[in-house]
Amino acid sequence: MLSQVRPALTMLAMMTLLTGLAYPLAVTGLAQVIFPVQANGSLLHAANGQVIGSTLIGQTFAGARYFHGRPSAAGDGYDAANSGGSNLGPTSAKLIATIKDRTAALGATAQNPVPIDLVTSSASGLDPDISPAAAEFQVDRVAKARGIDPAVVLRLVEQQTEAPTLGLLGEPRVNVLDLNLALERMTGSGG
């Protein structure tokens, strides 16, 4: 029996070292060398070095002076430890009522309908991006709150719009944190 147990334990130890230690260390080391920003969470820092967010995880922006992201169903809102959607189906009365409430709160009209990503949460609840249409929908509110020309804010949205990855994967998108930071730099206000 020992002749059968010893090779099994040896293989278990070798595979544990290989897949549990060597491989993760190699991948982590390689990622740190090739993609250091992404490997460390794509964090953004203020001038004083304080972390202000990540370009990969959405965050709540309140007030008319800022562009708002998608609603979040993750915990209390953009809680990375509680990622997940609402899991409500398209025929759910609760989902329909929530969307109607959000649409009304945003002041939708037949001439100015609300883009769907401003009234529905993403599957993860952490989406940091909105569509260009969702950003453009908010231009007048942000410009009015900041006392600047809407055309200037619209140009900023256009500058911050990212094309589909490799020109064909995904849709055009606007990172809300990047857009709000660019808006702060442009207007020179601190919050």
Side-chain angles (χ1 to χ4, degrees), residues 31-85 102 105-108 112-191:
Q32 288 291 336
V33 170
I34 299 173
F35 304 109
V37 172
Q38 294 87 341
N40 291 308
S42 298
L43 300 176
L44 296 175
H45 298 84
N48 65 3
Q50 179 183 2
V51 174
I52 56 175
S54 168
T55 59
L56 302 176
I57 297 178
Q59 59 190 44
T60 302
F61 286 95
R65 297 174 49 79
Y66 295 100
F67 285 90
H68 302 165
R70 293 184 78 159
S72 176
D76 291 329
Y78 297 108
D79 178 4
N82 198 7
S83 174
R102 289 175 180 164
L106 292 171
N112 193 22
V114 176
I116 192 71
D117 53 331
L118 287 180
V119 294
T120 58
S121 61
S122 65
S124 70
L126 303 174
D127 196 345
D129 301 321
I130 57 175
S131 66
E136 291 167 10
F137 182 86
Q138 300 178 68
V139 163
D140 288 337
R141 172 183 47 81
V142 172
K144 182 179 178 185
R146 290 184 178 259
I148 54 179
D149 183 3
V152 172
V153 178
L154 182 59
R155 274 195 302 279
L156 184 65
V157 168
E158 291 167 352
Q159 292 167 359
Q160 292 293 314
T161 300
E162 299 174 39
T165 305
L166 302 176
L168 59 117
L169 299 175
E171 296 289 325
R173 62 201 174 277
V174 179
N175 185 284
V176 178
L177 178 59
D178 284 340
L179 177 58
N180 282 326
L181 290 173
L183 184 63
E184 289 293 314
R185 286 190 300 270
M186 181 183 78
T187 60
S189 59

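Starting from 1, each residue takes its place in the sequence as its number.
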Taking salt bridge (Lys or Arg N to Asp or Glu O under 4.0 Å) as the test, write out the residues that go with D117, two or more places apart. none
What heavy-atom pair brings [X] and [Y] nearest, and what distance separates the two atoms?
X: D127; Y: S122; result: CB-OG, 3.3 Å
X: A46; Y: I52; result: CB-CG2, 3.8 Å
X: P132; Y: P172; result: CD-O, 3.4 Å
X: P71; Y: S121; result: O-CB, 2.9 Å
X: F67; Y: F61; result: O-CB, 3.5 Å
X: Y66; Y: R141; result: O-NH1, 2.8 Å

Report the distance from atom CG of L118 to atom CZ of F137, rounding to the nearest 0.5 Å. 7.0 Å
About how many Å separate CG of L179 and CD1 of I130, when rounded to the nearest 0.5 Å? 7.0 Å
Tell me, do V174 and D129 make a side-chain contact under 4.5 Å, heavy atoms counted? no
Any L106 side-chain heavy atom under 4.5 Å of Q138 side chain: no
Backbone of [Y] reached by a side-chain donor or acceptor of [X] within 3.5 Å:
X: H68; Y: G63; answer: yes
X: R70; Y: T120; answer: yes
X: S72; Y: G125; answer: yes
X: Q59; Y: L177; answer: no

Between T187 and R146, is any side-chain donor less than 3.5 angstrom from a side-chain acceptor? yes
Start with the C-alpha gap between N180 and R65, add the side-chain angles, then the distance that decides, and say whether side chain to side chain contact (heavy atoms under 4.5 Å, CB included) holds. CA-CA 9 Å; N180 282 326; R65 297 174 49 79; over 6 Å; no
Can you tell me if E171 has over 12 outside heavy atoms packed within less than 6.0 Å of its CD?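 No - once you tally the heavy atoms of other residues, nucleotides and ligands closer than 6.0 Å, there are 12 at most.
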Does the side chain to side chain contact (heavy atoms under 4.5 Å, CB included) test come out yes or no for L44 and V51, once each step is laid out? CA-CA 6 Å; L44 296 175; V51 174; over 6 Å; no
Listing, residues 147-169 side-chain donor-acceptor contacts under 3.5 Å, not counting sequence neighbours, or none:
{"from": "D149", "atom 1": "OD1", "to": "A151", "atom 2": "N", "distance (Å)": "3.1"}
{"from": "T161", "atom 1": "OG1", "to": "V157", "atom 2": "O", "distance (Å)": "2.7"}
{"from": "T165", "atom 1": "OG1", "to": "R173", "atom 2": "NH2", "distance (Å)": "3.3"}

